[in-house]
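Bear in mind the structure is a predicted one, so any value in this text is a computation, not a measurement. Letters A, B, ... are given to chains in the order of the sequence lines, protein chains preceding strands, and every chain is numbered from 1.
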Number of protein chains: 2
Amino acid sequence: MSILGKLSFKDQAFKLREDAILDATTRILAGKGFDLMTMDDVALEVGISKPSLYKHFKSKEDLVGEAMIRLIDGAQAFIDALSAEQGPRDKLSALLEWALRVRLAGGLPFLPSTSSHVREMLTRNLRYVTRVLKLNSALEKLVERGKKAGELRADLPTDVILYSYYARTCDPSVEYLKLYSKMNDDEIVAAMLAVAFSGIAARQADVRRQADGAG
Amino acid sequence: MSILGKLSFKDQAFKLREDAILDATTRILAGKGFDLMTMDDVALEVGISKPSLYKHFKSKEDLVGEAMIRLIDGAQAFIDALSAEQGPRDKLSALLEWALRVRLAGGLPFLPSTSSHVREMLTRNLRYVTRVLKLNSALEKLVERGKKAGELRADLPTDVILYSYYARTCDPSVEYLKLYSKMNDDEIVAAMLAVAFSGIAARQADVRRQADGAG
DNA sequence: GTCTATATCGAGATAGAC
DNA sequence: GTCTATCTCGATATAGAC
(Lines give C-alpha, C1' and ligand atoms only; values in the text may rest on other atoms or scores of the structure.)
Protein backbone atom coordinates (compact mmCIF):
# COMPACT_ATOMS: atom_id res chain seq x y z
CA MET A 1 0.00 0.00 0.00
CA SER A 2 2.40 2.65 1.13
CA ILE A 3 4.91 0.87 -1.07
CA LEU A 4 2.82 1.44 -4.17
CA GLY A 5 2.30 5.06 -3.24
CA LYS A 6 5.97 5.48 -2.67
CA LEU A 7 6.81 3.99 -6.03
CA SER A 8 4.53 6.23 -8.00
CA PHE A 9 5.83 9.18 -6.07
CA LYS A 10 9.33 8.17 -6.99
CA ASP A 11 8.32 7.90 -10.63
CA GLN A 12 6.93 11.37 -10.48
CA ALA A 13 10.11 12.67 -8.90
CA PHE A 14 12.08 10.86 -11.58
CA LYS A 15 10.21 12.66 -14.32
CA LEU A 16 10.60 15.99 -12.58
CA ARG A 17 14.31 15.40 -12.19
CA GLU A 18 14.55 14.62 -15.88
CA ASP A 19 13.07 18.00 -16.68
CA ALA A 20 15.45 19.65 -14.25
CA ILE A 21 18.35 17.94 -16.01
CA LEU A 22 17.15 19.16 -19.38
CA ASP A 23 16.74 22.68 -18.02
CA ALA A 24 20.30 22.66 -16.71
CA THR A 25 21.60 21.21 -19.96
CA THR A 26 19.85 23.94 -21.90
CA ARG A 27 21.33 26.70 -19.76
CA ILE A 28 24.85 25.30 -19.97
CA LEU A 29 24.61 24.63 -23.70
CA ALA A 30 23.48 28.19 -24.26
CA GLY A 31 26.37 29.44 -22.17
CA LYS A 32 29.32 27.50 -23.47
CA GLY A 33 28.16 25.25 -26.25
CA PHE A 34 28.37 21.52 -26.77
CA ASP A 35 32.10 20.93 -26.82
CA LEU A 36 32.80 22.79 -23.59
CA MET A 37 29.82 21.46 -21.69
CA THR A 38 30.86 18.55 -19.48
CA MET A 39 28.66 15.97 -17.81
CA ASP A 40 30.16 17.14 -14.52
CA ASP A 41 28.82 20.63 -15.25
CA VAL A 42 25.33 19.24 -15.70
CA ALA A 43 25.46 16.98 -12.65
CA LEU A 44 26.75 19.81 -10.50
CA GLU A 45 24.11 22.25 -11.72
CA VAL A 46 21.30 19.78 -11.07
CA GLY A 47 22.78 18.71 -7.75
CA ILE A 48 23.14 15.00 -8.50
CA SER A 49 26.10 12.80 -9.21
CA LYS A 50 27.37 11.89 -12.63
CA PRO A 51 26.34 8.20 -12.51
CA SER A 52 22.80 9.29 -11.62
CA LEU A 53 22.84 11.47 -14.66
CA TYR A 54 23.73 8.46 -16.77
CA LYS A 55 20.71 6.61 -15.34
CA HIS A 56 18.53 9.19 -17.05
CA PHE A 57 20.43 9.70 -20.29
CA LYS A 58 22.72 7.11 -21.71
CA SER A 59 25.27 9.50 -23.20
CA LYS A 60 26.11 13.13 -23.67
CA GLU A 61 24.83 12.98 -27.24
CA ASP A 62 21.55 11.52 -26.07
CA LEU A 63 21.16 14.20 -23.42
CA VAL A 64 21.80 17.05 -25.82
CA GLY A 65 19.56 15.46 -28.42
CA GLU A 66 16.67 15.42 -25.94
CA ALA A 67 17.26 19.05 -25.05
CA MET A 68 17.16 20.01 -28.71
CA ILE A 69 14.03 17.93 -29.27
CA ARG A 70 12.28 19.75 -26.44
CA LEU A 71 13.20 23.04 -28.06
CA ILE A 72 11.88 22.02 -31.47
CA ASP A 73 8.70 20.74 -29.86
CA GLY A 74 8.25 24.14 -28.25
CA ALA A 75 8.64 25.87 -31.60
CA GLN A 76 6.20 23.48 -33.25
CA ALA A 77 3.65 24.02 -30.48
CA PHE A 78 4.04 27.76 -30.83
CA ILE A 79 3.49 27.74 -34.55
CA ASP A 80 0.54 25.36 -34.26
CA ALA A 81 -1.11 27.73 -31.80
CA LEU A 82 -0.94 30.75 -34.11
CA SER A 83 -4.24 32.11 -35.36
CA ALA A 84 -5.33 30.87 -38.76
CA GLU A 85 -6.14 34.46 -39.69
CA GLN A 86 -2.56 35.68 -39.51
CA GLY A 87 -0.66 36.03 -42.77
CA PRO A 88 2.55 34.09 -43.48
CA ARG A 89 4.79 37.05 -42.81
CA ASP A 90 3.19 37.74 -39.44
CA LYS A 91 3.49 34.09 -38.47
CA LEU A 92 7.15 33.99 -39.40
CA SER A 93 7.72 37.21 -37.53
CA ALA A 94 5.94 35.88 -34.43
CA LEU A 95 7.95 32.66 -34.43
CA LEU A 96 11.24 34.49 -34.89
CA GLU A 97 10.30 36.78 -32.03
CA TRP A 98 9.51 33.75 -29.88
CA ALA A 99 12.88 32.18 -30.71
CA LEU A 100 14.76 35.38 -29.94
CA ARG A 101 13.00 35.76 -26.60
CA VAL A 102 13.80 32.15 -25.71
CA ARG A 103 17.45 32.88 -26.38
CA LEU A 104 17.45 36.15 -24.46
CA ALA A 105 15.98 34.26 -21.51
CA GLY A 106 18.98 31.92 -21.54
CA GLY A 107 17.65 29.34 -23.98
CA LEU A 108 19.14 27.69 -27.00
CA PRO A 109 19.31 28.78 -30.59
CA PHE A 110 17.33 26.63 -33.02
CA LEU A 111 20.33 25.62 -35.01
CA PRO A 112 23.76 24.53 -33.85
CA SER A 113 24.97 27.12 -36.30
CA THR A 114 28.65 26.50 -36.63
CA SER A 115 29.84 23.21 -35.23
CA SER A 116 29.83 20.49 -37.86
CA HIS A 117 30.33 18.04 -35.00
CA VAL A 118 27.01 18.91 -33.41
CA ARG A 119 25.27 18.95 -36.77
CA GLU A 120 26.45 15.43 -37.56
CA MET A 121 25.52 14.21 -34.14
CA LEU A 122 21.97 15.53 -34.45
CA THR A 123 21.72 14.14 -37.96
CA ARG A 124 22.17 10.68 -36.48
CA ASN A 125 19.31 11.32 -34.03
CA LEU A 126 16.23 10.09 -35.87
CA ARG A 127 13.70 11.48 -33.43
CA TYR A 128 15.29 14.91 -33.76
CA VAL A 129 15.56 14.74 -37.53
CA THR A 130 11.91 13.75 -37.88
CA ARG A 131 10.79 16.78 -35.89
CA VAL A 132 13.09 19.17 -37.71
CA LEU A 133 11.84 17.96 -41.08
CA LYS A 134 8.26 18.54 -40.02
CA LEU A 135 8.97 22.03 -38.74
CA ASN A 136 11.04 22.82 -41.83
CA SER A 137 8.23 21.69 -44.07
CA ALA A 138 5.77 23.97 -42.29
CA LEU A 139 8.11 26.95 -42.55
CA GLU A 140 8.85 26.28 -46.20
CA LYS A 141 5.13 26.38 -46.95
CA LEU A 142 4.82 29.65 -45.05
CA VAL A 143 7.63 31.18 -47.08
CA GLU A 144 6.09 30.12 -50.35
CA ARG A 145 2.68 31.41 -49.36
CA GLY A 146 4.34 34.64 -48.28
CA LYS A 147 6.02 35.03 -51.64
CA LYS A 148 2.74 34.47 -53.48
CA ALA A 149 0.94 36.94 -51.23
CA GLY A 150 3.51 39.62 -52.01
CA GLU A 151 4.67 39.75 -48.41
CA LEU A 152 8.08 38.18 -49.00
CA ARG A 153 10.51 38.83 -51.81
CA ALA A 154 9.60 36.75 -54.85
CA ASP A 155 12.95 37.53 -56.49
CA LEU A 156 14.79 35.31 -54.00
CA PRO A 157 14.82 31.51 -54.02
CA THR A 158 12.77 29.98 -51.22
CA ASP A 159 15.93 28.32 -49.87
CA VAL A 160 17.63 31.66 -49.45
CA ILE A 161 14.74 33.14 -47.49
CA LEU A 162 14.33 30.02 -45.39
CA TYR A 163 18.00 29.62 -44.44
CA SER A 164 18.34 33.33 -43.80
CA TYR A 165 15.33 33.07 -41.54
CA TYR A 166 16.88 30.17 -39.60
CA ALA A 167 20.14 32.06 -39.36
CA ARG A 168 18.37 34.94 -37.62
CA THR A 169 17.19 32.63 -34.86
CA CYS A 170 20.84 31.95 -33.96
CA ASP A 171 22.27 35.32 -34.97
CA PRO A 172 25.24 36.24 -32.74
CA SER A 173 24.23 39.91 -32.95
CA VAL A 174 21.80 39.17 -30.15
CA GLU A 175 24.59 38.33 -27.71
CA TYR A 176 26.69 41.26 -28.81
CA LEU A 177 23.83 43.71 -28.39
CA LYS A 178 23.03 42.20 -25.01
CA LEU A 179 26.67 42.56 -23.94
CA TYR A 180 27.79 45.81 -25.47
CA SER A 181 24.71 47.97 -26.12
CA LYS A 182 22.40 49.59 -23.62
CA MET A 183 19.31 48.20 -25.31
CA ASN A 184 16.81 46.16 -23.34
CA ASP A 185 15.39 42.85 -24.55
CA ASP A 186 12.34 44.39 -26.23
CA GLU A 187 14.49 46.83 -28.17
CA ILE A 188 16.88 44.09 -29.21
CA VAL A 189 14.04 41.90 -30.45
CA ALA A 190 12.45 44.77 -32.37
CA ALA A 191 15.78 45.65 -33.99
CA MET A 192 16.52 42.05 -34.97
CA LEU A 193 13.09 41.67 -36.55
CA ALA A 194 13.47 44.93 -38.43
CA VAL A 195 16.85 43.92 -39.82
CA ALA A 196 15.71 40.40 -40.70
CA PHE A 197 12.75 41.57 -42.74
CA SER A 198 13.95 44.91 -44.10
CA GLY A 199 17.76 44.75 -44.02
CA ILE A 200 20.22 47.46 -43.09
CA ALA A 201 20.02 49.59 -46.23
CA ALA A 202 17.78 52.65 -46.40
CA ARG A 203 14.57 51.83 -48.20
CA GLN A 204 14.65 54.34 -51.03
CA ALA A 205 18.09 53.27 -52.15
CA ASP A 206 17.53 50.89 -54.99
CA VAL A 207 19.61 47.76 -54.98
CA ARG A 208 21.65 47.74 -58.17
CA ARG A 209 24.60 45.88 -56.67
CA GLN A 210 26.15 43.18 -58.78
CA ALA A 211 28.65 40.50 -57.84
CA ASP A 212 31.95 41.91 -59.14
CA GLY A 213 34.35 41.80 -56.23
CA ALA A 214 37.83 40.89 -55.21
CA GLY A 215 37.77 37.13 -55.76
CA MET B 1 80.20 30.97 -47.24
CA SER B 2 78.02 28.06 -48.17
CA ILE B 3 77.11 27.99 -44.49
CA LEU B 4 75.71 31.49 -44.57
CA GLY B 5 73.85 30.75 -47.77
CA LYS B 6 72.47 27.62 -46.28
CA LEU B 7 71.30 29.44 -43.18
CA SER B 8 69.42 32.14 -45.01
CA PHE B 9 67.88 29.51 -47.22
CA LYS B 10 66.77 27.69 -44.12
CA ASP B 11 65.30 30.89 -42.72
CA GLN B 12 63.38 31.36 -45.93
CA ALA B 13 62.10 27.81 -45.75
CA PHE B 14 61.16 28.40 -42.14
CA LYS B 15 59.04 31.37 -43.07
CA LEU B 16 57.42 29.49 -45.93
CA ARG B 17 56.63 26.61 -43.61
CA GLU B 18 55.04 28.99 -41.16
CA ASP B 19 52.70 30.21 -43.89
CA ALA B 20 51.93 26.61 -44.81
CA ILE B 21 51.07 25.91 -41.18
CA LEU B 22 48.75 28.90 -41.05
CA ASP B 23 47.10 27.83 -44.30
CA ALA B 24 46.46 24.36 -42.91
CA THR B 25 45.19 25.78 -39.65
CA THR B 26 42.79 28.02 -41.52
CA ARG B 27 41.42 25.14 -43.58
CA ILE B 28 40.94 22.90 -40.57
CA LEU B 29 39.42 25.67 -38.45
CA ALA B 30 36.95 26.43 -41.21
CA GLY B 31 36.10 22.75 -41.43
CA LYS B 32 35.64 21.71 -37.83
CA GLY B 33 36.17 24.73 -35.64
CA PHE B 34 38.52 25.39 -32.77
CA ASP B 35 37.45 22.77 -30.26
CA LEU B 36 37.62 19.86 -32.69
CA MET B 37 40.83 20.92 -34.37
CA THR B 38 43.79 19.03 -32.91
CA MET B 39 47.44 19.85 -33.20
CA ASP B 40 47.87 16.41 -34.72
CA ASP B 41 45.45 17.41 -37.46
CA VAL B 42 47.55 20.44 -38.29
CA ALA B 43 50.86 18.59 -38.16
CA LEU B 44 49.50 15.84 -40.39
CA GLU B 45 48.05 18.28 -42.91
CA VAL B 46 51.33 20.20 -43.15
CA GLY B 47 53.38 17.03 -43.21
CA ILE B 48 55.53 17.72 -40.16
CA SER B 49 55.58 16.31 -36.66
CA LYS B 50 53.85 17.83 -33.70
CA PRO B 51 57.02 18.95 -31.87
CA SER B 52 58.12 20.79 -35.02
CA LEU B 53 54.79 22.55 -34.98
CA TYR B 54 55.48 23.70 -31.44
CA LYS B 55 58.81 25.17 -32.59
CA HIS B 56 56.81 27.59 -34.72
CA PHE B 57 53.86 28.29 -32.41
CA LYS B 58 54.07 27.90 -28.69
CA SER B 59 50.49 26.76 -28.15
CA LYS B 60 47.24 25.99 -29.89
CA GLU B 61 45.86 29.36 -28.79
CA ASP B 62 48.88 31.13 -30.21
CA LEU B 63 48.55 29.31 -33.52
CA VAL B 64 44.86 30.09 -33.92
CA GLY B 65 45.46 33.69 -32.86
CA GLU B 66 48.01 34.13 -35.64
CA ALA B 67 45.62 32.64 -38.18
CA MET B 68 42.90 35.06 -37.10
CA ILE B 69 45.33 37.97 -37.20
CA ARG B 70 46.28 37.10 -40.77
CA LEU B 71 42.59 37.12 -41.67
CA ILE B 72 41.95 40.50 -40.06
CA ASP B 73 45.03 41.91 -41.79
CA GLY B 74 43.61 40.72 -45.09
CA ALA B 75 40.33 42.48 -44.42
CA GLN B 76 42.09 45.66 -43.37
CA ALA B 77 44.25 45.60 -46.50
CA PHE B 78 41.17 45.09 -48.63
CA ILE B 79 39.32 48.00 -47.11
CA ASP B 80 42.37 50.25 -47.31
CA ALA B 81 42.65 49.51 -51.00
CA LEU B 82 39.08 50.57 -51.81
CA SER B 83 38.70 53.66 -53.95
CA ALA B 84 38.12 56.88 -52.06
CA GLU B 85 35.31 57.64 -54.48
CA GLN B 86 33.11 54.76 -53.37
CA GLY B 87 30.28 55.51 -50.98
CA PRO B 88 30.04 53.87 -47.53
CA ARG B 89 27.38 51.43 -48.61
CA ASP B 90 29.40 50.26 -51.61
CA LYS B 91 32.49 49.84 -49.46
CA LEU B 92 30.61 47.79 -46.88
CA SER B 93 29.08 45.72 -49.64
CA ALA B 94 32.48 45.11 -51.24
CA LEU B 95 34.06 44.03 -47.96
CA LEU B 96 31.17 41.71 -47.13
CA GLU B 97 31.46 40.20 -50.57
CA TRP B 98 35.19 39.70 -50.03
CA ALA B 99 34.55 37.99 -46.68
CA LEU B 100 31.91 35.71 -48.15
CA ARG B 101 34.19 34.70 -51.01
CA VAL B 102 37.01 33.98 -48.58
CA ARG B 103 34.69 31.67 -46.70
CA LEU B 104 33.37 29.97 -49.83
CA ALA B 105 36.98 29.30 -50.81
CA GLY B 106 37.50 27.42 -47.55
CA GLY B 107 38.54 30.33 -45.38
CA LEU B 108 37.48 31.49 -41.98
CA PRO B 109 34.60 33.65 -40.87
CA PHE B 110 35.58 36.98 -39.35
CA LEU B 111 34.01 36.27 -36.03
CA PRO B 112 34.12 33.15 -33.92
CA SER B 113 30.38 33.58 -33.84
CA THR B 114 29.20 31.22 -31.18
CA SER B 115 31.94 29.79 -28.99
CA SER B 116 32.47 31.90 -25.90
CA HIS B 117 35.66 29.92 -25.35
CA VAL B 118 37.22 31.16 -28.58
CA ARG B 119 36.00 34.68 -27.94
CA GLU B 120 37.65 34.79 -24.52
CA MET B 121 40.82 33.33 -25.90
CA LEU B 122 41.07 35.94 -28.61
CA THR B 123 40.22 38.68 -26.12
CA ARG B 124 43.40 37.78 -24.27
CA ASN B 125 45.43 38.14 -27.47
CA LEU B 126 46.51 41.76 -27.48
CA ARG B 127 47.84 41.79 -31.03
CA TYR B 128 44.53 40.44 -32.27
CA VAL B 129 42.43 42.80 -30.18
CA THR B 130 44.38 45.81 -31.40
CA ARG B 131 43.73 44.92 -35.01
CA VAL B 132 40.06 44.16 -34.45
CA LEU B 133 39.53 47.47 -32.71
CA LYS B 134 41.11 49.32 -35.61
CA LEU B 135 38.99 47.51 -38.18
CA ASN B 136 35.89 47.97 -36.05
CA SER B 137 36.54 51.66 -35.77
CA ALA B 138 36.84 51.99 -39.53
CA LEU B 139 33.61 50.08 -40.11
CA GLU B 140 31.76 52.08 -37.47
CA LYS B 141 32.73 55.27 -39.26
CA LEU B 142 31.53 53.81 -42.54
CA VAL B 143 28.17 52.94 -41.00
CA GLU B 144 27.72 56.41 -39.57
CA ARG B 145 28.67 58.06 -42.83
CA GLY B 146 26.27 55.72 -44.59
CA LYS B 147 23.44 56.71 -42.29
CA LYS B 148 24.08 60.41 -42.85
CA ALA B 149 24.27 59.90 -46.60
CA GLY B 150 20.86 58.22 -46.55
CA GLU B 151 22.32 54.95 -47.77
CA LEU B 152 21.81 53.05 -44.53
CA ARG B 153 18.79 53.08 -42.23
CA ALA B 154 18.98 56.04 -39.87
CA ASP B 155 16.17 54.61 -37.73
CA LEU B 156 18.47 51.85 -36.41
CA PRO B 157 21.23 52.32 -33.84
CA THR B 158 24.72 52.12 -35.32
CA ASP B 159 25.44 49.11 -33.08
CA VAL B 160 22.58 47.17 -34.59
CA ILE B 161 23.73 47.78 -38.15
CA LEU B 162 27.35 47.06 -37.31
CA TYR B 163 26.73 43.79 -35.44
CA SER B 164 24.24 42.66 -38.06
CA TYR B 165 26.89 43.37 -40.65
CA TYR B 166 29.48 41.29 -38.79
CA ALA B 167 26.96 38.52 -38.36
CA ARG B 168 26.52 38.29 -42.12
CA THR B 169 30.22 37.57 -42.56
CA CYS B 170 29.80 34.40 -40.50
CA ASP B 171 26.22 33.60 -41.48
CA PRO B 172 25.62 29.84 -41.52
CA SER B 173 23.22 30.26 -44.44
CA VAL B 174 26.27 30.24 -46.68
CA GLU B 175 27.17 26.67 -45.73
CA TYR B 176 23.59 25.50 -45.98
CA LEU B 177 23.15 27.02 -49.44
CA LYS B 178 26.47 25.51 -50.53
CA LEU B 179 25.38 22.10 -49.24
CA TYR B 180 21.71 21.90 -50.07
CA SER B 181 20.97 24.30 -52.91
CA LYS B 182 22.09 24.13 -56.50
CA MET B 183 23.35 27.70 -56.47
CA ASN B 184 26.94 28.45 -57.45
CA ASP B 185 29.23 30.70 -55.44
CA ASP B 186 28.36 33.87 -57.36
CA GLU B 187 24.65 33.30 -56.87
CA ILE B 188 25.12 32.59 -53.18
CA VAL B 189 27.15 35.77 -52.70
CA ALA B 190 24.59 37.86 -54.59
CA ALA B 191 21.74 36.41 -52.53
CA MET B 192 23.53 36.98 -49.23
CA LEU B 193 24.27 40.59 -50.12
CA ALA B 194 20.68 41.17 -51.19
CA VAL B 195 19.32 39.77 -47.94
CA ALA B 196 21.84 41.61 -45.77
CA PHE B 197 21.00 45.01 -47.22
CA SER B 198 17.33 44.63 -48.12
CA GLY B 199 16.01 41.82 -45.94
CA ILE B 200 13.58 39.06 -46.84
CA ALA B 201 10.33 41.07 -46.86
CA ALA B 202 8.86 42.44 -50.07
CA ARG B 203 9.70 46.12 -50.42
CA GLN B 204 6.24 47.61 -50.66
CA ALA B 205 5.08 45.99 -47.45
CA ASP B 206 5.53 48.57 -44.77
CA VAL B 207 6.95 47.38 -41.50
CA ARG B 208 4.34 48.00 -38.85
CA ARG B 209 5.37 45.08 -36.66
CA GLN B 210 5.51 45.68 -32.97
CA ALA B 211 7.05 43.59 -30.21
CA ASP B 212 4.05 41.80 -28.68
CA GLY B 213 4.91 38.12 -28.63
CA ALA B 214 4.63 35.00 -26.58
CA GLY B 215 7.06 35.79 -23.73
C1' DG C 1 18.79 4.61 -7.69
C1' DT C 2 22.19 6.94 -5.52
C1' DC C 3 26.78 7.59 -4.43
C1' DT C 4 32.57 7.11 -4.33
C1' DA C 5 36.15 5.58 -6.85
C1' DT C 6 38.10 4.26 -11.13
C1' DA C 7 38.89 2.66 -16.03
C1' DT C 8 39.87 4.57 -20.42
C1' DC C 9 41.04 7.46 -23.92
C1' DG C 10 42.00 11.57 -26.57
C1' DA C 11 44.66 15.68 -26.99
C1' DG C 12 47.94 19.50 -25.52
C1' DA C 13 52.51 19.80 -24.58
C1' DT C 14 57.47 18.16 -23.90
C1' DA C 15 62.00 15.12 -23.19
C1' DG C 16 65.70 13.66 -25.31
C1' DA C 17 68.04 11.39 -29.27
C1' DC C 18 70.04 12.70 -33.79
C1' DG D 1 65.12 21.81 -36.10
C1' DT D 2 63.41 17.50 -36.79
C1' DC D 3 61.76 13.35 -35.17
C1' DT D 4 59.88 9.10 -31.74
C1' DA D 5 58.20 8.26 -27.44
C1' DT D 6 56.09 9.99 -23.42
C1' DC D 7 53.97 12.89 -19.69
C1' DT D 8 49.78 14.86 -17.98
C1' DC D 9 45.33 16.17 -17.51
C1' DG D 10 40.55 16.42 -18.22
C1' DA D 11 36.29 14.31 -19.70
C1' DT D 12 33.20 10.33 -20.98
C1' DA D 13 31.61 6.49 -19.12
C1' DT D 14 31.23 2.61 -15.68
C1' DA D 15 32.16 -0.77 -11.53
C1' DG D 16 30.70 -1.85 -7.31
C1' DA D 17 29.23 -0.63 -2.54
C1' DC D 18 24.93 0.77 0.04
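At whole-Å resolution of the value, CG in A:L53 and C1' in D:dA11 are 13 Å apart. The distance between atom CG of B:L44 and atom P of C:dA11, rounded to the nearest whole Å, is 13 Å. With rounding to whole Å, B:F34 atom CZ is found 12 Å from C:dA11 atom C1'. Look at CZ on A:F57: it is 14 Å from P on C:dG1, rounded to the nearest Å. For the pair A:L36 CG and D:dT12 P, the interatomic distance rounds to 10 Å; values are reported in whole Å. A:D40 has its CG atom 14 Å from the P atom of C:dA5, to the nearest Å. Rounded to whole Å, the distance from CE on B:M121 to P on C:dG12 is 12 Å. Note: CG (A:D35) to C1' (C:dG12) measures 16 Å, nearest angstrom.
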Anything under 3.5 Å between a donor and an acceptor, one on a side chain of residues 133-141 of chain B, the other on a protein residue two or more places apart or in another chain? List them.
residue: B:N136; atom: OD1; partner: B:Y166; partner atom: OH; Å: 2.4
residue: B:S137; atom: OG; partner: B:K141; partner atom: NZ; Å: 3.3

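Every side chain to side chain contact (heavy atoms under 4.5 Å, CB included) that B:S49 has, sequence neighbours left out, goes to B:P51, B:S52. Taking A:R127 as the reference, A:E66 meet the side-chain hydrogen bond (donor to acceptor under 3.5 Å, both in side chains) condition, with sequence neighbours excluded. Not counting sequence neighbours, A:K55 has no partner by the side-chain hydrogen bond (donor to acceptor under 3.5 Å, both in side chains) test.
With values rounded to the nearest 0.5 angstrom, B:I69 atom CD1 is found 4.5 Å from B:N125 atom CG. Between the CG atom in A:N184 and the CG atom in A:L177 there is a gap of 11.5 Å [rounded to 0.5 Å].
A:R17 has a side-chain polar atom (N or O) that falls below the 4.0 Å cut-off from OP1 or OP2 of C:dT2. OP1 or OP2 of D:dC3 sits under 4.0 Å from a side-chain N or O of B:S52.
Within 4.0 Å of B:S49, counting heavy atoms only, lies at least one base atom of the nucleic acid.
A cation-pi geometry, defined here as NZ or CZ lying under 6.0 Å from the six-membered ring centre and within 45° of its normal, holds between A:R119 and B:Y176.
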Take nucleotides 13-18 of chain D nucleotide by nucleotide from the 5' end and write B, S or -, depending on whether a protein heavy atom sits under 4.0 Å from the base, only from the sugar-phosphate, or from neither. BBB---
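Side-chain atoms of B:S173 come within 3.5 Å of backbone N or O of A:Y163 as a donor-acceptor pair.
Across D:dC3, C:dC3, D:dT2, the shortest atom-to-atom separation from the side chain of B:I48 is found for D:dC3.
Counting all heavy atoms, side chain and backbone alike, A:D171 lies closest to B:A167 at OD1-CB, 3.2 Å.
Of the residues in residues 18-28 of chain B, none has a non-hydrogen atom less than 4.0 angstrom from any atom of DNA chain D.
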